[in-house]
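As the structure lists them, so they are numbered: ligands from 1, and atoms in each ligand from 1.
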Amino acid sequence: MNREWWKEAVVYQIYPKSFQDADGDGMGDIRGIIQRLPYLQQLGVTVVWICPVYKSPMDDGGYDISDYYSVDPMFGSNEDLDELIVQADALGIKIIMDLVINHTSDEHEWFQQALKDPNSKYRDYYIFREGVDGQPPNNWRSYFGNSAWEKVENEDNMYYLHAFTKKQPDLNWENDEVREALYDMVNYWLDKGIGGFRIDAILNIKKRIETKQFEPDGEDGLAFIGHWILNQPGIEVWLKELNDRTFKPHNSMTVAEANVPDERLSEYIGNDGFFSMVFDFSYTDIDVPITGEWFKFSNWTLSDLKKHMYRHQLVSQEKGWGALYLENHDQPRSINKYVPEQDIHDYSKKMLATLFMMMQGTPFIYQGQEIGMTNTQMDSMDDYDDIATHDQYQRALLAGLSEDEAFAATNRRSRDNSRTPMQWDTSKNAGFSTSDKTWMKVNRNYDQINVASQQHEASVLHYYKQLIALRREGKYSETIVYGAFLPAETDREELFVYQRVLGDRKLLIVINFSNQDRSYPVDREFHNVVLSNYAEIGLNAQHELNLKPYASVILSND
Ligand code: NOJ
């Protein structure tokens, strides 16, 4: 297998609005990230992905960019970002930025020009279409609910396409000039010395637009847009061009938000793939249907989870390289998703950490995950900032749920669960900000879950540090990074067992994903305990591991 710097990386994802507020306005900023670099260095991560900090009206948390070349003043200045890149680099940490090129903000100069003058060249930077009988060109539902077409004010019968909010018009990638402008911008940032990009919504850039009414799949009479804009034939030409013109010459790390079907994965993550790796959604979206309604529970089982995780492992090691993650800014906290409320504790948090961090691929740790942050409890819909959360609530009501039911379903899945401020200590606002009001409420449990209170060896934070250190240095590092993933059959769905093998060295990972004691017979060659979430490892004379609830054990043959 080819060695690459990004295969050996451990990534930490920062949601800048909620990480650290340095200027006391209640909102996180770039200087806050700079202040916390020593924390990240001690944690041991080597790459930091920052969610968008570009100029933005913040309709969708910064994924609506109005100027690709400027940092939004709420986050600081371009000079602050330059300083972050340099200071992080000095600590051995590379910054990767978010790249949002499926759409811009409607406040972007290009879109403003396109609206102002229908004859301007910028009209063709976006996707405008005439409506039919006073209705939009078709009945696609945007990912965030409601029609994906927005009527242009002051023009008869003219609409523009937005796969996400109406303040995020989709760019027209068919236009060579658009692609050129985007490549220039990507190179501008890469030339500054960033490590690469996380690439947003990239499978949506090619559209198969038809003017007609499709069979509705919801109470709103609309149809899920993804069928016509996700991974459409021809997209590969642009993805290759993007890579050839930007990432490849810079030896960048790229991780695309791209749920690619297995049969096409080699094109994306193979040796000469479009990206270094892609995020697979199968095990993180296991609790919702593909069309994305949060109120429709999927009734997933541990067998499903295991099946998805193992499939992802096997297919990514066969075709290229995978990205490992349990959380991000679009997901609720992983511990709440995968573990029943009554079983949420440090053992189960460490178990989850072991399960994903020991697999093959580049691990992404989302801010706060390393201290076991949990979902938040909001008092009312007014407490939510996230536009998707508000849309989902409306869709739930439309589908006939009561207000309480809709609120509960929204609460469970809201993206704001992971966007609450980082919990640093027990001081005001969890040490996130000195302001009297933070942009989003701090989770009430910050006095119990915070960085300061986890400066001891039994903490979740310390356990993450151990897992990161194992991956980065010492005799097991190569095996954890480059070793093959070998799943083991078990007779119980709650036992997740796999090996990592490189040459003669083997690691065995045994996980008890349940609140019951379990046992698992272990081959005698695995005689050495590398790490476990319980201080005592029960290995009896028959070489059976006695696993306590949510136990995770890493054993080696040397
Ligand atoms: C995916 C991003 O992660 C999400 O936060 C955003 O809302 C959409 N793409 C649209 O850019």
Side-chain angles (χ1 to χ4, degrees), residues 11 13-19 28 49-68 72 96-108 111 126-127 140-146 148 150 161-171 173 182 197-205 207 224-226 229-231 254-260 275 277-281 284-285 288 290-294 323 325-334 364 366-367 384-392 395 410 413-420 439-440:
V11 187
Q13 182 192 349
I14 288 183
Y15 195 70
K17 244 176 144 177
S18 293
F19 191 59
W49 151 25
I50 49 172
C51 284
V53 290
Y54 312 90
K55 206 153 191 295
S56 164
M58 284 283 152
D59 197 53
D60 181 22
Y63 286 89
D64 46 324
I65 297 173
S66 54
D67 178 357
Y68 284 116
D72 195 287
I96 65 173
M97 291 179 56
D98 227 298
L99 186 60
V100 189
I101 47 179
N102 172 66
H103 46 266
T104 67
S105 160
D106 64 339
E107 296 183 28
H108 193 287
F111 194 71
Y126 296 88
I127 300 166
W140 288 349
R141 179 191 307 109
S142 88
Y143 291 120
F144 291 158
N146 301 320
E150 182 69 11
L161 182 71
H162 59 89
F164 295 90
T165 75
K166 64 181 181 194
K167 283 185 68 63
Q168 292 164 296
D170 281 50
L171 283 163
W173 272 67
L182 294 175
F197 286 102
R198 175 268 186 184
I199 305 157
D200 186 72
I202 194 70
L203 289 193
N204 297 282
I205 58 177
K207 335 282 187 201
F224 175 61
I225 191 172
I229 70 166
L230 275 173
N231 221 10
T254 50
V255 52
E257 191 198 23
N259 208 21
V260 183
F275 307 109
M277 61 196 97
V278 296
F279 287 124
D280 179 283
F281 295 6
T284 43
D285 278 348
V288 285
I290 186 182
T291 42
E293 291 93 349
W294 297 348
Y325 75 109
L326 294 179
E327 294 184 14
N328 61 37
H329 63 292
D330 291 334
Q331 293 284 338
R333 292 292 179 178
S334 56
F364 287 70
Y366 180 74
Q367 68 182 43
Y384 289 106
D385 171 83
D386 173 29
I387 188 145
T389 302
H390 288 281
D391 275 325
Q392 289 279 347
R395 278 159 82 176
T410 309
R413 246 283 164 177
S414 172
R415 307 195 296 180
D416 283 344
N417 280 307
S418 57
R419 298 179 182 186
T420 59
W439 80 279
M440 172 164 301

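- Proximity of Phe144 to ligand 1 is established by a heavy-atom distance of less than 4.0 Å.
- Ring centroids of Tyr68 and His108 are separated by less than 6.0 Å, placing the two rings close together.
- Closest heavy-atom approach to atom 4 (C) of ligand 1 within the set Ile387, Ile199, Asp330, Asn102: this belongs to Asp330.
- Close approach to Arg198 involves these atoms of ligand 1, each under 4.0 Å from a residue heavy atom: 1 (C), 2 (C), 3 (O).
- Atom numbering of ligand 1 starts at 1 in the shown order; those under 4.0 Å from a heavy atom of His103 are 10 (C), 11 (O).
- Atoms of ligand 1 lying under 4.0 Å from any heavy atom of Asp60, numbered from 1 in the order shown and given with element: 6 (C), 7 (O), 8 (C), 10 (C), 11 (O).
- Under a 4.0 Å N-O distance rule, the pair Asp72/Lys17 does not qualify as a salt bridge.
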Query raised in the report: Which is it for Asp170 and Lys207 under the salt bridge (Lys or Arg N to Asp or Glu O under 4.0 Å) test, yes or no, and what are the steps along the way?
Result: CA-CA 10 Å; Asp170 281 50; Lys207 335 282 187 201; 2.5 Å; yes
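- Contact annotation: for Tyr15 versus ligand 1, there are no heavy atoms closer than 4.0 Å.
- Per-residue contacts place Asp200 under 4.0 angstrom from the following atoms of ligand 1 (heavy atoms of the residue considered): 1 (C), 2 (C), 3 (O), 8 (C), 9 (N), 10 (C), 11 (O).
- Using a 4.0 Å heavy-atom cutoff, Arg419 is listed among the residues neighbouring ligand 1.
- The pair Arg413-Asp330 does not count as a salt bridge, with every side-chain nitrogen at least 4.0 angstrom from each carboxylate oxygen.
- Heavy-atom proximity to His329, at under 4.0 Å, picks out these atoms of ligand 1: 2 (C), 3 (O), 4 (C), 5 (O).
- At a threshold of 4.0 Å, the pair Asp64-Lys167 does not count as salt-bridged, since none of the basic side-chain nitrogens sits closer than that to a carboxylate oxygen.
- Side-chain atoms of Ser334 and Glu327 form a donor-acceptor pair, as typed in the model, at a separation below 3.5 Å.
- In the vicinity of Glu257, heavy-atom distances shorter than 4.0 Å reach the ligand 1 atoms 1 (C), 3 (O), 9 (N).
- Between His329 and Tyr63, the gap from one ring centroid to the other is short of 6.0 Å.
- Proximity of the aromatic rings of Tyr325 and Phe279 is defined here by a centroid distance below 6.0 angstrom, and this criterion is met.
- The atoms of ligand 1 that sit less than 4.0 Å from any heavy atom of Arg415 are 4 (C), 5 (O), 6 (C), 7 (O).
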